[in-house]
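Presented below is the structure to which this report refers.
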Amino acid sequence: MTRTVVVTGGGTGIGQAIAARFAGNGARVIITGRRQSVLEHAAGEITGNVEVARFDATDADAVTAFAAGVGPVDVLVNNAGGNTDFDRTAPNSLGEVADSWRANYESNVITAVLMTTGLLSHMNDGGAVVTIGSIAADKGSGSYGAAKAAIASWNIDLARQLGARSITANVVAPGYIADTEFFRDVLTHEAKDGLASPAMTGRAGAPRDIAEMVEFLASDRARQITAQTIAVNGGEWPTR
Ligand SMILES: NC(=O)c1ccc[n+]([C@@H]2O[C@H](COP(=O)([O-])OP(=O)(O)OC[C@H]3O[C@@H](n4cnc5c(N)ncnc54)[C@H](OP(=O)(O)O)[C@@H]3O)[C@@H](O)[C@H]2O)c1
């Protein structure tokens with residue numbers, strides 16, 4: 001039976017690779033994001049059954065409207081997010097500090113929580129929720145790393161809640177991934193090499209590295225894996 005997969009932030013980078021991976025395996029994929037032209041361009045590049053839905057995943061009303069019309073969902077990939085500090089100047093007041101912390105929490109935590117809560121009653125039993133975390137949760141990266149750490153904690157409770165429905169909930173935590181809009185296209189070649197060099201594999205991660213793991217976690221081969229944070233970072237940050 002054709003599975004329905006929702007990928008937030010599916011118009012660029014890691015999300016687009018995840019969408020392409022599921023669509024290539026025959027799923028009906030819905031990619032979401034805030035820019036219509038970006039979503040349509042991505043849909044045109046992906047081979048398979050891809051639909052687009054433009055809305056801001058921090059907007060509760062927009063998420064409610066999307067959930068009401070989407071139909072049954074098998075896999076939700078909470079990929080939307082990023083470090084909103086890249087769009088801000090350094091804070092000059094406590095108010096600006098609060099704004100920057102709220103922005104990263106909204107972008108990375110609220111998006112995932114609203115999408116998951118909004119779609120839960122539409123999800124088929126036996127499905128999967130996969131949320132994209134970050135190596136920044138372990139290494140530290142201000143409000144961005146703190147927001148990604150919050151996701152990992154929230155995911156444990158989510159997995160507990162969904163276990164009875166045989167829906168798994170996991171976080172995939174990438175290291176540095178090249179070919180995304182994450183760094184807003186401002187990195188020099190030297191800066192990219194500097195980000196890639198701590199990986200034991202000697203290379204930057206690619207969006208497809210994350211897509212492979214997400215697709216596996218949502219597959220029949222991973223039904224006993226839940227409540228976990230899975231690192232995909234080329235060994236940059238080892239775990240036991
Ligand atoms: N690249 C890395 O090195 C790296 C490392 C660790 C973790 N990550 C995580 O990987 C995920 C994907 O990022 P990426 O690297 O692929 O960067 P990206 O190309 O910037 O992708 C982020 C996507 O999220 C969408 N998005 C952001 N805020 C949104 C919102 N409020 N509502 C709906 N869509 C929203 C963006 O589209 P619109 O702007 O059009 O909405 C964009 O398509 C993020 O959660 C990021 O934190 C990335």
Side-chain angles (χ1 to χ4, degrees), residues 6-21 30-43 45-46 52-63 65-66 76-87 102-115 118 130-152 155 171-187 191-192 194-196 198-199 203-211 213-214 229-234 236-237:
V6 175
V7 183
T8 67
T12 64
I14 293 170
Q16 183 175 352
I18 293 168
R21 177 89 196 168
I30 304 165
I31 56 175
T32 84
R34 295 166 296 183
R35 293 167 295 169
Q36 185 73 21
S37 59
V38 168
L39 291 169
E40 286 175 3
H41 183 260
E45 286 190 334
I46 297 170
V52 309
R54 190 193 67 78
F55 62 92
D56 185 336
T58 66
D59 179 341
D61 291 340
V63 174
F66 172 75
L76 169 62
V77 184
N78 292 310
N79 164 80
N83 189 342
T84 52
D85 282 349
F86 290 139
D87 300 324
R102 287 194 183 105
N104 257 325
Y105 202 80
E106 287 262 329
S107 179
N108 293 284
V109 183
I110 300 299
T111 51
V113 171
L114 290 185
M115 286 298 297
V130 183
T131 303
I132 306 303
S134 175
I135 194 172
D138 292 311
K139 292 187 78 175
S141 183
S143 56
Y144 173 67
K148 291 302 196 185
I151 281 175
N155 180 69
V171 173
V172 175
Y176 167 54
I177 306 294
D179 300 326
T180 76
E181 292 185 355
F182 184 88
F183 292 98
R184 313 305 196 255
D185 215 16
V186 297
L187 292 182
K192 288 178 182 173
L195 285 168
R203 68 164 175 90
R208 71 170 183 284
D209 294 320
I210 308 306
M213 178 56 75
V214 172
T229 295
I230 314 283
V232 181
N233 60 34
E236 176 178 348
W237 193 262

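Because the structure is predicted, anything quoted here is derived from the model rather than measured. Ligands are counted one by one from 1 in listed order, and the atoms in each one are counted from 1 as well.
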| note | Smallest heavy-atom separation, F66 atom then M115 atom, equals CE2-CE, 3.9 Å
| query | What residue and atom, counting heavy atoms only, is the protein's closest point to atom 42 (C) of ligand 1, and at what distance? | reply | T12 OG1, 3.2 Å
| Could you give the distance from CG (N79) to OG1 (T131), rounded to the nearest 0.5 Å? | 9.5 Å
| Proximal ligand 1 atoms for G175, defined as those under 4.0 Å from one of its heavy atoms | 3 (O), 5 (C), 6 (C)
| Where the closest heavy atom to atom 2 (C) of ligand 1 is concerned, which of I18, D179, I31, I177 has it? | I177
| message | I need the contact type for E106 against ligand 1. Using non-hydrogen atoms and a strict under-4.0 Å cut-off, is it side chain, backbone, both or neither? | response | neither
| query | Please state which protein non-hydrogen atom is closest to atom 26 (N) of ligand 1 and give its distance, to 0.1 Å? | reply | A80 CB, 3.8 Å
| Looking only at protein heavy atoms, which one is nearest to atom 16 (O) of ligand 1, and how far off is it? | I14 N, 2.9 Å
| request: Output yes when the distance from some N or O of ligand 1 to some N or O of G10 is under 3.5 Å, and no in every other case. | output: no
| Below 3.5 angstrom, do we get any N/O pair linking R35 and ligand 1? | yes
| Nearest option to atom 22 (C) of ligand 1, as decided by whichever heavy atom of S107, G81, G13 sits closest | G81
| query | Taking the side chain from D138 and the backbone from I135, do they hold a donor-acceptor pair closer than 3.5 Å? | reply | no
| request: Name the closest protein heavy atom to atom 14 (P) of ligand 1, giving the residue it belongs to and the distance to 0.1 Å. | output: T180 CB, 3.7 Å
| field | Numbered atoms of ligand 1 (with element) below 4.0 Å of S134, judged on heavy atoms | value | 6 (C), 7 (C)
| query | Looking at CG of D61 and CG of D56, how far apart are the two atoms once the value is rounded to the nearest 0.5 Å? | reply | 11.5 Å
| query | Out of curiosity, T8 OG1 to N78 CG, how far, rounded to the nearest 0.5 Å? | reply | 5.0 Å
| task | Determine whether T84 and E106 make a side-chain contact, defined as any pair of heavy atoms from C-beta on separated by less than 4.5 Å. | result | no
| note | Nearest heavy-atom contact between L195 and E236 is O-OE1, 4.3 Å
| message | Using a plain distance cutoff, I'd like to know if R184 has any nitrogen or oxygen under 3.5 Å from a nitrogen or oxygen of ligand 1. | response | no
| query | Taking all non-hydrogen atoms of both residues, which atom of V52 and which atom of L39 are closest, and how far apart? | reply | CG1-O, 3.6 Å
| field | R35 CZ to T12 OG1 distance, which is reported to the nearest 0.5 Å | value | 6.0 Å
| Ring geometry between F183 and F86 (parallel below 30°, tilted from 30 to 60°, perpendicular above 60°) | tilted
| field | atom 9 (C) of ligand 1: the protein heavy-atom neighbour that sits closest, reported with distance to 0.1 Å | value | I132 CG2, 3.7 Å
| request: Taking only heavy atoms of T111 into account, list the atoms of ligand 1 that are under 4.0 Å away from them. | output: 31 (N)
| said: Closer than 4.0 Å to some heavy atom of T58 - which atoms of ligand 1 meet that? | reply: 31 (N)
| message | Is G133 close enough to touch ligand 1? Criterion: a residue heavy atom under 4.0 Å from a ligand atom. | response | yes
| task | Could you tell me whether a side-chain N or O of N233 sits under 3.5 Å from a main-chain N or O of P174, the two making a donor and an acceptor? | result | no
| request: Would you indicate whether the side-chain heavy atoms of R21 and V214 approach each other to under 4.5 Å? | output: no
| request: Please identify which atoms of ligand 1 are closer than 4.0 Å to at least one heavy atom of D56. | output: 30 (C), 31 (N), 32 (N)
| said: Within the structure provided, determine whether N104 and N83 are in side-chain contact (heavy-atom separation under 4.5 Å). | reply: yes
| said: Test of understanding: given a 4.0 Å heavy-atom threshold, classify the contact between F55 and ligand 1 as side chain, backbone, both, or neither. | reply: backbone
| Should K148 be listed as contacting ligand 1, given a heavy-atom distance under 4.0 Å as the test? | yes
| request: Could you list the atoms of ligand 1 found under 4.0 angstrom from a heavy atom of Y176? | output: 3 (O)
| request: Measure the distance from atom 47 (O) of ligand 1 to every protein heavy atom, then report the residue, atom name and distance (to 0.1 Å) of the closest one. | output: Y144 OH, 2.6 Å
| task | For N79, counting its heavy atoms only, list the atoms of ligand 1 lying under 4.0 Å from any of them. | result | 11 (C), 12 (C), 44 (C), 45 (O)
| request: Looking only at protein heavy atoms, identify the closest one to atom 32 (N) of ligand 1 and say how far it is in Å. | output: A57 N, 2.9 Å
| Taking atom CD1 of I110 and atom CG of D59, what is their separation to the nearest 0.5 Å? | 12.5 Å
| message | Only heavy atoms of G9, strictly under 4.0 Å: list the atoms of ligand 1 that pass. | response | 23 (C), 24 (O), 25 (C), 43 (O)
| query | What residue and heavy atom of the protein are closest to atom 27 (C) of ligand 1, and at what distance? | reply | R34 NH2, 3.3 Å
| field | Polar side-chain atom of K148 near backbone of G140 as donor-acceptor pair, under 3.5 Å | value | no
